[in-house]
2 protein chains.
Amino acid sequence: MPAKRPPVPLSRERIIEAALHIADSQGLRRLTMRRLGDALQVEAMAIYHHLPRGKDALMDALAEHVTAVHAEPADSWQESARAWCRASRAALREHPGVLALALTKPPKGRAAIALMEQTEQLSDAGLPDPAQAVRALRAYVFGSVAVEVQRSGWADSPADGAEPWRPPSAGGGSAAADADFEHGLDALLAGLNPRRTEAER
Amino acid sequence: MPAKRPPVPLSRERIIEAALHIADSQGLRRLTMRRLGDALQVEAMAIYHHLPRGKDALMDALAEHVTAVHAEPADSWQESARAWCRASRAALREHPGVLALALTKPPKGRAAIALMEQTEQLSDAGLPDPAQAVRALRAYVFGSVAVEVQRSGWADSPADGAEPWRPPSAGGGSAAADADFEHGLDALLAGLNPRRTEAER
DNA sequence: ACCTGAACACCGTTCAAGT
DNA sequence: ACCTGAACACCGTTCAAGT
């Protein structure tokens, strides 16, 4: 019987991946340094070598991971905004276990950079207050995902599956939620428009 | 020297009040059964007599407390909706320490009842899909409070004051946030309107 | 009925030590 | 450089016991 040497060395990425899996399948309160070590086939203390600030650093990294979305600028600012709103929603929905962190922790690192890029895209398109527009769009994504995940009852039974998460498919399920999201997004984008009609007459 | 007998007996209300104070001033992660006991001048184990399911029950109670807002029905459904949106926002802003719970935990008890009341108010006003309207309004409140609290950097320094919380008053502070909120709320309410103009012609 | 004390299993983090 | 083992202070929760 061959002696087991850790096949793949520990890394920040592998730690975050494993942490997301635990949080999504068992809930944030069960995400523990020791359990995380077990999942990675390593003593919990080894994690500190890759995340020096310990659990706080882990929480920050999780929030950043699920919140730092990048989307290529499109033809119109509306399409650009639509793209990263959809991407943000998808990322948040995929990881309900860290949603509380994502909605609550101020953006840092790559998340903060992504925010700046988005603001710049809207600024280049000539929007009068691009920062405010980005805030409004972020608020929309945050709010709709929060309500959707709340409604799914995820927080009540976070121990069912190992997969990312599947909204209750029958009756008021994912398709209706998607339609609601797109509909509200359209309305918001229309509201953000520097009302061309008014200026033209 | 008179012997100190606990002056006021422990109660569910006093426990929740103290817990909110700790969460808002020090952060949710520092809200501990033992610390809570200290704040209440009692051994931690005494709390279990009033909250049998322990810390889980406490978390539920906190989410419910900050999320169960009641507002009297007004003349129009718009004014009713405006009233409880404002009340919800105020309650959430007052307690940033439990915002993560409020946005994440499915509504129970008085919170669920408040939701039903709101749906009924919109239903009585003849809105085609009152449940969806309530969801949209809730999402709006959740999202705007989330970005506002995030922006305030509260999660980065939850140890500064004992008072509920004061948004950074200078430069993009509370007044601008209020105006943004009202403006967006107007737009949303307009969008929810069963477009009278279209039906009339 | 309401609270305490001791106990148990578990947690985050440190530090010296191993390789 | 990367990981382990032992240790420390702290945590949630139980249970029998006190009043």
Side-chain angles (χ1 to χ4, degrees), chain A residues 2-23 25-63 97-98 100-101 105 155-156 158-159, chain B residues 2-23 25-63 97-98 100-101 105 155-156 158-159:
Chain A
K4 266 190 187 170
R5 298 263 123 242
V8 41
L10 210 48
S11 75
R12 216 184 118 98
E13 263 97 48
R14 290 217 310 134
I15 292 170
I16 291 175
E17 192 184 16
L20 281 174
H21 183 82
I22 293 175
S25 59
Q26 318 195 36
L28 200 60
R29 279 196 63 207
R30 302 191 79 108
L31 173 55
T32 249
M33 296 304 271
R34 285 163 144 105
R35 245 189 284 257
L36 185 52
D38 282 359
L40 291 162
Q41 312 242 47
V42 106
E43 296 300 313
M45 301 75 197
I47 297 166
Y48 287 79
H49 211 269
H50 299 262
L51 290 169
R53 270 175 41 260
K55 195 165 189 185
D56 281 341
L58 178 62
M59 299 303 224
D60 285 348
L62 293 177
V98 297
L101 296 178
K105 291 219 169 213
D156 284 334
Chain B
K4 266 191 188 171
R5 300 261 123 245
V8 42
L10 210 47
S11 75
R12 219 184 115 96
E13 262 96 50
R14 289 218 312 134
I15 292 170
I16 291 174
E17 193 185 16
L20 282 173
H21 183 81
I22 293 175
S25 59
Q26 318 193 38
L28 200 59
R29 278 197 63 207
R30 303 192 80 110
L31 173 54
T32 249
M33 295 305 269
R34 284 162 143 106
R35 245 189 284 257
L36 185 52
D38 281 359
L40 291 163
Q41 312 243 45
V42 108
E43 295 301 313
M45 301 73 196
I47 297 167
Y48 288 78
H49 211 271
H50 300 262
L51 289 169
R53 270 175 43 259
K55 196 166 190 184
D56 282 341
L58 179 62
M59 300 303 224
D60 286 348
L62 293 176
V98 296
L101 296 178
K105 292 221 169 212
D156 285 334

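Chain letters run A, B, ... following the sequence lines, proteins first, then strands; residues in each count from 1.
- A/His49 has its NE2 atom 14 Å from the P atom of C/dC15, to the nearest Å.
- Spacing between atom CD of B/Glu43 and atom C1' of D/dC15 amounts to 15 Å, rounded to whole angstrom units.
- Atom CG in B/Leu62 sits 4.5 Å away from atom CG in B/Leu58 (nearest 0.5 Å).
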Could you give the side-chain donor-acceptor pairs of residues 29-39 of chain A under 3.5 Å, partners two or more places apart or in another chain?
unit_1	atom_1	unit_2	atom_2	d
A/Arg29	NH1	B/Asp56	OD1	2.7
A/Arg35	NE	A/Arg30	O	2.8

Using a 4.0 Å heavy-atom cut-off, write out nucleotides 8-13 of chain D from 5' to 3' as B (base contacted by protein), S (sugar-phosphate only) or - (no contact). ---BBB

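- One finds no side-chain N or O of A/His50 lying less than 4.0 angstrom from the OP1 or OP2 phosphate oxygen of D/dA1.
- Scanning all heavy atoms of the two residues, the minimum distance from B/His50 to B/Ala46 falls at CD2-O, 3.6 Å.
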Starting at the 5' end of DNA chain C, write a dot or bracket for each base, bracketing those in Watson-Crick or G-U wobble pairs whose two distances are under 3.5 Å and using | for partners on another strand. ||.|||||...|||||.||

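- Here salt bridge (Lys or Arg N to Asp or Glu O under 4.0 Å) pairs that include residues 10-19 of chain B, with residues two or more places apart or in two chains, number zero.
- When every heavy atom of A/Val98 is checked against every heavy atom of A/Ala23, the shortest pair comes out as CG1-CB, 3.9 Å.
- Applying the side-chain contact (heavy atoms from CB on, under 4.5 Å) test to A/Lys105 and every residue at least two apart in sequence or in another chain returns A/Met59, A/Asp60, A/Ala63, A/Leu101.
- Residue A/Leu40 contributes atom CG, which lies 15 Å from atom C1' of D/dT4 at whole-angstrom precision.
- Here the C1' atom of nucleotide D/dT4 and the CD1 atom of A/Ile47 are 13 Å apart, to the nearest Å.
- Here the CG atom belonging to B/Leu40 is positioned 7.5 Å from the CD1 atom belonging to B/Ile22, to the nearest 0.5 angstrom.
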